[in-house]
Structure formats: C-alpha cells, structure tokens
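On a predicted model such as this, the values are computed, not experimentally measured, just so you know. Side chains included, hydrogens not; waters and symmetry mates left out as well; all remaining heavy atoms used. Throughout, protein chains are lettered first and strands after them, A, B, ... in sequence-line order, and every chain is numbered starting at 1.
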Amino acid sequence: MTSLVKSRLIKFLLSLIIVLIAVLIIIFNLKDNIIYFYGPTELLKNSDKQGQIMRLGGLVSVDSVQNETDSIFYFNITDGDNEIEVKYEGILPNLFAEDKGVVVEGVYMNDGRFIANKVLAKHDENYMPPEVIETLKKSGKWQGE
Amino acid sequence: MLNLIKRDLLLSFYSSANFFFTVSFFVLILILIPFAFGTQSDQLKLLFKGVVWIALALSIIITVDRIYNADYEDGNLDIIMQKNKTIEYLVISKYVTHWFIYCLPLLVILPILSFLFYLDYFETIQIFINLFIGSFGMVFIANFVSALTLGAKRTIFLKAIIMIPLFVPFIIFGSDAASWPILLGLSMLSFVISIYVTAYGLRLYGE
Amino acid sequence: MYIKINNNHIELIKSANPYLIFATIFVFIIGLYYSLFQSPPDYIQGDSMRIMYIHVPSAWFALMTYSILAGSCVLWFITRNPLFNVVARSIAQVGMVFTLMSLITGSIWGKPTWGVWWVWDARLTSMLILFFLYIAYIFLWQAISNKELASKISAALAIIGFINIPIIKFSVDWWNTLHQPASISKLSTPSIDISMLIPLFIMTIACFLFLVTVSLIRFRLVLIENKMLRTIN
Amino acid sequence: MNELKIEDLSCKRGESKVLNNINIIIKSGETLVVKGRNGSGKTTLLRILSNFITSYQGKVSLNDLSILEDNLYNNKFNLIGQKNSLKDNLSIKKNLELWDIIFNESLDHAKLLERDNLDHLINRDVGSLSDGQKKCISLHRLNYNKYEFWFLDEPFVYLDEANTNSLIEKINRFNENMGIVILTSNINLPKKFHKEVNI
C-alpha cells in the first residue's frame with residue numbers, strides 16, 4: 001500500500017513540475033501572438049513590421065482628421081507618446097470621432113504611414129447619458145477621454 | 001510497453017491502407033489551396049503556413065477512431081489492459097505509436113509539399129519544427145478524446161466537436177514561426193492532462 | 001450514497017414552478033421597460049447601447065453557469081453524491097442558451113458600434129469556444145448509452161473545459177482586444193452611470209430567475225429520467 | 001496451493017444491484033461454474049476477479065492477499081471474454097502473431113491448431129469464419145501456458161458437440177495441473193464440474 005501511495009506521489013509531483021515548466025514557457029513567450037492590434041509605439045519600435053498587413057489601434061488625435069474628398073480621410077492615431085498617420089478610403093463608422101478609440105486594419109507602409117482598408121470604432125468601458133457627461137465635464141470630475 | 005509498441009506497429013503494417021489514406025488526405029487538403037485561392041506564389045506561401053495546420057488537425061481527427069476503438073470493440077483492449085497493469089505506460093506507448101504511424105509520415109512528406117508551395121529552406125525548417133512540436137500536443141489531445149468517447153455512438157462528429165476547440169490554441173500559435181516555445185508549453189500541458197484523462201477513460205470503459 | 005432529496009422537495013419544486021415562471025416574466029417585463037424607455041441613451045452610442053442590458057447579463061451567466069457546471073462536476077467526483085451530477089446536467093442547456101444569447105446580441109451591438117458583426121479577437125473567439133464546450137458536454141452525454149458512464153465521461157470533459165473560463169474573463173485585460181474591458185468591476189471611477197445600472201441590475205435579476213426556473217424544471221426532468229426517485233423511497 | 005476467496009461480495013451497476021453477498025472459496029485443481037439468468041452479474045463477477053472493476057463491497061483475496069494489492073496477480077490469470085479479440089480484416093495467422101506479442105510468448109501455432117483440427121483455417125481472414133470457428137480460435141488463447149487461473153465467459157456458446165467436449169477435456173487437464181477455472185454458463189453442461197454457484 002505504501003508503494004502505491006509513493007508512486008502516486010511521484011506521478012503527482014512529476015506532473016506538477018511539467019505543468020509549472022509549461023506555464024512558465026507559455027507566459028514568457030506569450031507576448032504579441034494573440035494581440036488583436038498594435039499600438040503606434042510598438043509599431044515604430046519594430047521597423048520589420050513595415051510592408052505587412054496588420055491592425056493598428058489607439059486614439060484618434062485631436063484636430064488631425066482631414067477629408068480630401070467625401071470618402072478619403074487622413075487622421076493620426078496616437079497612444080499618448082507616438083503618432084502614426086493613417087489614410088483611409090471608405091465610410092467611417094458612426095462612432096468614429098476625434099479623441100476616441102479606433103482600430104484600423106491595413107498595410108503599414110515603408111515610409112511609416114498606414115494605409116487602412118477597414119476602420120473599427122473601439123468602444124471604451126464607459127456608459128453615460130449625455131446630460132451626466134455635461135455635468136461631469138463642468139465640475140471637472142470627468143476623467144474619460 | 002515495448003511489446004505494445006511493437007504490436008501496434010505490426011498491426012498498422014498489416015493494415016497499411018489506413019496509413020496511406022491519412023497521408024493522401026493530408027496532401028489532398030493542401031492541394032486544394034491553389035484551386036481555391038489561385039496560384040499566385042506569395043499568396044500560396046502565406047496560405048500554406050496556415051492551412052497545413054488545419055490539414056494536420058483534420059488528419060488527426062480522422063485517425064482518432066483507430067487509437068482505441070478497434071481494440072475496444074473486438075476485446076483486445078481487455079487483454080492489453082490486463083497485461084499492462086500500469087495504464088499510464090499503456091497510454092504512453094499508444095502516444096508513441098499513434099504519433100509514429102500517423103504524424104511522422106505527414107512530417108516526412110511536408111518538405112516536398114512546401115517546395116510545391118514556393119517556401120524556401122528556412123521557412124520549411126521553421127514550419128517543420130512547429131509542426132513537429134505541435135503534432136505531439138495534438139496526438140495527446142486526440143488520445144484522451146478517443147479514450148473518453150470509446151462507448152459513444154455517432155462518434156466521428158462528436159469527436160471533431162470536442163477536439164477542434166482544443167486544437168484552437170495550436171492552430172493560433174502554429175502559423176507563427178517564432179512561437180515554437182509556446183507550442184512546446186502547450187504540448188507539455190496537454191501531455192499531463194491527457195495522461196490522466198486517458199487512463200481515467202480506459203479504466204471506466206474497462207469496468 | 002443516495003440523493004438527499006425526497007419526494008417532498010420534488011413536490012415543492014413542482015409547486016413553486018408557476019410562481020417562478022410568473023416572477024421571471026414579470027421581472028423581464030419591468031427590466032425591458034426600464035432598459036427600453038426609462039434609461040437614457042449613451043452619450044456616444046445612443047440607443048444601440050440598450051442591447052447591453054441583455055448582452056452583459058447573459059455573458060455573465062454564460063460564464064457563471066459553466067463555473068457552476070465544472071464546480072459541481074468536481075464536487076461530484078470528490079463526494080460521489082449524485083445530486084451534483086444532476087445539478088450539472090440541469091444547468092448545461094441554460095448555459096448554452098446564455099452563451100448563444102450573448103454571442104447574438106454581441107454581434108447585433110457590434111455592427112453599429114464597431115462597424116462589423118464579428119471580429120476574431122480573443123474575447124469573442126473564446127466565447128465561441130465556450131459555446132462548443134457546452135455542445136460537447138451535452139451531446140457527449142447523449143451519445144453514450146450507459147448513462148452512469150456518460151455522466152462521468154462528460155463531467156471529465158467539463159472540468160477540462162474550465163481552462164477556457166479564465167481565458168474569457170481576463171482576455172480583455174491580458175491582450176489588446178477590440179472588446180472593451182469590464183465596466184462594473186471598477187468601483188472607483190464611474191464607468192456606468194447609476195441611471196444605466198438600474199435597468200442592468202433588473203435585467204440581471206431577470207436572467208438569474210430564468211436560470212433558476214429553467215434549471216429547476218430540468219432538475220425535475222433529469223431526476224425522473226434517471227429514475228433516481230425510485231432509490232429515494 | 002492457491003486459494004481464491006470471495007467474501008461478502010456485493011456490486012452495484014448503475015442503479016441495480018447485480019451481486020449480493022457472494023461467498024465462494026476455490027482451491028487449486030477445482031472448476032467453478034457460475035450460473036444465473038441473463039443480467040444476473042456473471043460477467044460482472046469475472047470482471048471483478050480480473051481486476052477490471054475495482055469499486056465493490058466485500059473482499060476478493062488470493063492466498064489471503066487482496067487482489068487489488070497483489071501486483072503480480074494480473075500475470076496469473078487468462079481471461080477469455082465474450083468478445084473474440086480478433087481483427088476481422090486480418091488472417092488468423094496474423095492475429096495469432098499479434099497475440100504472441102501481447103502475451104509475450106511464442107507458441108507453435110501450426111501444431112496446436114492441428115491438434116484442434118483448425119489448421120486448415122490458418123490463412124483465412126477472420127471475417128469469413130463462422131461464429132463457432134471464431135470462438136474456437138478465441139479459445140486458442142488458452143494454450144498460452146504460464147497461467148494459474150482461467151476465467152472463461154460463456155465459453156460454450158456457438159460450440160458444437162465435438163468442440164464442447166474437447167474444451168471440457170482441456171479444462172480437466174488444466175485442473176489436473178492444479179489450475180483453477182471459473183466459467184460462466186446459462187445452459188446445462190454435459191459434465192458436472194467441482195462446484196456450481198447460482199447468482
């Protein structure tokens with residue numbers, strides 16, 4: 001009976017060690033694999049991403065949206081530190097606005113610009129009625145974007 | 001343990017049609033890519049890296065009925081379980097033979113296929129390493145699903161429904177060349193889970 | 001060890017059924033009234049955010065139901081009390097409905113907000129996998145003809161599938177996803193205004209009542225199906 | 001001298017109790033015939049004795065050591081279940097080769113099959129045989145000869161008179177060599193064995 005307990009204990013410890021090593025390996029290597037989009041700083045750091053199809057996410061910089069015609073837009077995406085210029089041809093979603101979250105899909109060009117072929121508005125976790133926003137903004141308590 | 005490996009290899013040698021079917025299945029799925037997406041070389045290259053994982057997953061799914069089911073239905077599993085009192089050894093030898101019979105041929109044929117899809121040596125080696133590591137994890141998962149569904153009816157669809165969600169992590173990380181350590185971690189995790197669950201399933205169906 | 005439930009309990013559940021169904025419908029109507037008419041629109045999303053009142057509770061309960069499912073499977077293995085097995089089997093279908101509900105309402109919400117019905121980010125994909133886990137659990141049980149064996153086997157699968165739950169829960173914090181992080185958990189800063197919390201709260205209670213009502217009906221059916229009543233008397 | 005002792009054995013399968021307080025003692029050189037109607041637990045008893053079912057009340061012991069704790073016990077018995085353990089798409093010869101590897105013992109199959117008048121079948125595919133022939137080949141496993149117990153589940157089903165008699169003869173010879181046989185049957189056998197129990 002003791003030998004049975006012993007062998008079970010050894011099995012348990014062995015599997016625990018394997019699981020621990022496996023989890024450590026996964027955590028240390030799990031950096032940007034499941035990432036849905038990159039931020040501007042991450043993209044600028046990795047110049048090898050140039051020329052690839054990918055997604056870029058961040059806030060639309062204030063006063064950066066320009067439309068050449070009705071359907072061609074230029075705007076900058078920022079994460080507070082860095083900005084990347086984006087060109088997009090198409091219809092913008094309703095929730096697209098300056099100083100709001102956005103994820104664009106397209107090609108990161110070699111000259112550092114981003115040609116988007118799809119724009120997704122990223123919603124933040126705040127749900128507020130318009131009147132509340134007004135009062136919050138007036139009293140200076142509003143900490144959202 | 002060695003006996004069992006020898007026996008399974010001999011058995012698969014005797015019914016070698018199964019083995020050829022699996023290889024042809026794998027090749028045929030990949031050959032469908034140019035028909036579906038055109039023959040532009042850049043595109044083929046990109047698609048191959050992803051679809052090769054889907055092909056591997058599907059090839060493993062169609063073999064899952066042959067791991068324990070045949071032996072369970074004709075009664076050989078009883079003899080095997082009686083002779084291998086430590087079921088964990090039995091399970092490990094099944095991993096070895098299942099990988100050897102159904103995954104190794106696919107890996108052997110992979111370089112030939114990858115040249116058909118315009119991949120260079122370096123990319124071929126990267127894909128090979130990823131598939132090599134990932135195929136172990138998939139084999140572990142296939143084994144425990146096979147052991148759990150031994151007595152189930154309409155099994156192949158059910159097994160596919162159980163296995164595909166479990167294969168998702170492998171497929172996500174598989175197509176990225178740099179993520180072989182994650183595949184290694186996933187394979188190790190699935191080994192530990194699988195060895196307990198497979199042994200549990202076999203004991204239950206042995207009762 | 002037999003179920004510690006006797007016929008009186010079953011009768012009680014049976015007689016409570018109409019009240020529970022009534023209460024569920026009643027709270028749902030109140031919740032819908034509040035969420036559709038009483039609550040203000042969002043400052044950006046406008047009226048489309050009202051889908052959140054059904055989407056968020058059903059996603060919560062999808063996760064919670066699976067946790068109860070896996071938890072009772074674990075307890076069943078430890079204690080060997082068949083009650084836990086019956087509980088697990090009674091709530092699985094409701095959990096599947098909640099998951100489907102949150103997926104459908106989520107994509108209805110996604111179209112006006114993000115601009116697409118579906119994106120392959122970590123949160124949405126892992127939720128889809130949860131749906132398949134529910135399906136696997138339910139159909140594996142049905143496919144095995146020896147029902148005692150079927151319960152054990154599908155319980156083992158349910159426990160393995162629990163790995164997915166923390167992935168769903170924390171996917172929005174761990175990785176960059178298009179899906180926004182949780183609004184409720186941050187107590188310090190107001191992420192949701194109180195006027196929107198009230199309908200959300202009522203709808204959560206309605207979903208909870210739905211879970212309890214349907215689970216109890218299923219609970220009774222499972223007991224009858226298992227002919228476990230026979231062993232009680 | 002071996003002594004297999006079953007004490008107060010009860011077992012539940014699903015919701016129904018199939019074995020109820022069974023007490024049996026079998027000694028070397030004896031044969032036990034387990035009788036009972038369909039579904040009374042004959043197969044369950046054999047699977048308990050073969051250590052496949054481990055959750056039961058009561059005790060099964062070999063020479064006063066519980067079979068659950070005896071690490072060598074699994075190498076002492078030869079179980080012939082109701083399934084034939086034959087691969088339908090392979091010839092008998094190949095099937096026997098596969099058995100040889102599992103049993104870790106190579107027999108002179110040609111000679112043994114000739115003794116049982118089965119040698120003309122050796123290159124036939126199992127799928128083309130009749131049920132009785134399959135059963136005969138299945139019982140061929142009894143020739144692996146380092147075992148102290150035979151557990152036979154319904155061995156006489158499908159067998160004709162000649163084969164029944166030769167199996168009984170085999171069992172007698174095994175008993176003379178101090179082997180223990182436990183077999184289940186729901187029909188009356190032409191010969192009385194040492195012990196009979198109704199469950």
Side-chain angles (χ1 to χ4, degrees), chain B residues 1-21 63 65-94 96-97 100-101 147 150-151 196 198-207, chain D residues 11-14 43-44 46-56 67-91 93-106 125-127 134-135 137-138 141 144 146-147 149 151 153:
Chain B
M1 207 170 148
L2 281 176
N3 269 1
L4 201 59
I5 294 176
K6 198 170 135 195
R7 182 247 178 199
D8 278 3
L9 289 180
L10 188 65
L11 180 58
S12 75
F13 174 71
Y14 282 152
S15 44
S16 49
N18 285 341
F19 152 87
F20 285 113
F21 284 146
T63 63
D65 264 340
R66 298 183 210 129
I67 308 177
Y68 293 107
N69 271 66
D71 283 338
Y72 172 71
E73 272 151 27
D74 64 27
N76 270 308
L77 193 61
D78 278 357
I79 315 178
I80 294 169
M81 278 169 69
Q82 182 205 328
K83 302 283 178 256
N84 298 270
K85 203 181 175 210
T86 315
I87 296 186
E88 282 78 7
Y89 290 149
L90 187 165
V91 174
I92 290 175
S93 50
K94 278 283 183 184
V96 174
T97 45
F100 203 81
I101 297 165
L150 272 181
Y196 280 104
T198 317
Y200 177 73
L202 291 182
R203 275 196 202 101
L204 274 188
Y205 283 104
E207 280 197 354
Chain D
C11 186
K12 226 179 73 183
R13 307 299 288 156
T43 303
T44 305
L46 282 194
R47 291 190 84 77
I48 287 175
L49 289 175
S50 332
N51 256 346
F52 280 109
I53 298 176
T54 51
S55 53
Y56 49 82
I67 59 168
L68 294 172
E69 289 161 32
D70 188 346
N71 284 327
L72 300 172
Y73 179 76
N74 269 21
N75 302 323
K76 289 181 183 164
F77 66 86
N78 196 349
L79 170 73
I80 313 281
Q82 289 180 28
K83 292 171 179 171
N84 291 323
S85 302
L86 291 165
K87 301 275 170 207
D88 271 354
N89 54 342
L90 299 184
S91 70
K93 198 176 165 195
K94 286 174 179 170
N95 268 297
L96 296 177
E97 266 177 61
L98 293 172
W99 278 349
D100 273 356
I101 300 174
I102 305 179
F103 280 87
N104 204 7
E105 192 180 341
S106 27
D125 272 6
V126 172
K134 281 184 199 167
K135 192 83 200 176
I137 302 291
S138 177
R141 265 179 289 161
Y144 292 101
K146 51 183 185 184
Y147 297 97
F149 308 96
F151 299 145
D153 200 356

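Residue D:Tyr56 qualifies as enclosed at atom OH: its count of foreign heavy atoms under 6.0 Å is above 12. Enclosure of atom NZ in D:Lys76 by more than 12 non-hydrogen atoms of other residues, nucleotides or ligands within 6.0 angstrom is indicated. Around atom CG of B:Leu10, more than 12 heavy atoms belonging to other residues, nucleotides or ligands sit under 6.0 Å away.
Interatomic distance, CG of B:Asp71 versus NZ of D:Lys83, reported as 10.5 Å (0.5 Å rounding). If you take CD1 on B:Ile79 and OG on D:Ser50, they are separated by 11.5 Å, rounding to the nearest 0.5 Å. Once rounded to the nearest 0.5 Å, the distance linking CD1 of D:Ile101 with NZ of B:Lys83 reads 14.0 Å. The CG atom of D:Asp100 sits 12.0 Å away from atom CZ of B:Arg7, with the distance rounded to the nearest 0.5 Å. Taking CZ of B:Arg203 as the reference point, atom CD1 of D:Ile53 lies at 14.5 Å (rounded to 0.5 Å). Here D:Gln82 contributes atom CD and B:Asp78 contributes atom CG; the two are 11.0 Å apart, rounded to the nearest 0.5 Å.
Residue D:Asn95 does not touch chain B at all, counting heavy-atom pairs closer than 4.5 Å. With a 4.5 angstrom heavy-atom cutoff, B:Asp8 does not touch chain D via any of its atoms. Looking at B:Leu11, both its backbone and its side chain come within 4.5 Å of chain D, counting heavy atoms on both sides. At a 4.5 Å heavy-atom cutoff, the contact between D:Asn104 and chain B is made by backbone and side-chain atoms alike. Interface remark: D:Asn74 contributes backbone and side-chain atoms alike to the contact with chain B (heavy atom separation under 4.5 Å). The contact between D:Leu90 and chain B is made entirely by side chain atoms (from C-beta outward), counting heavy-atom distances below 4.5 Å.
Contact record, B:Ser15 with D:Asn89: CB-ND2, 4.1 Å, taken as the closest heavy-atom pair. Of all heavy-atom pairs spanning B:Asn76 and D:Leu86, the tightest one is ND2-N, 4.4 Å. Considering every non-hydrogen atom in both D:Ile102 and B:Asn3, the closest pair reads O-ND2, 4.3 Å. Nearest approach of B:Glu207 to D:Ser55, heavy atoms of both residues: OE2-OG, 3.8 Å. For the residue pair D:Phe52 and B:Met81, the shortest heavy atom distance occurs at CE2-CB, 3.9 Å.
Ranked by non-hydrogen atom pairs under 4.5 Å with chain B, the options D:Phe103, D:Trp99, D:Phe77 are led by D:Phe77.
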Q) Does the pair B:Tyr14 and D:Lys87 meet the rule for a side chain to side chain contact (heavy atoms under 4.5 Å, CB included), with working shown? A) CA-CA 11 Å; B:Tyr14 282 152; D:Lys87 301 275 170 207; over 6 Å; no
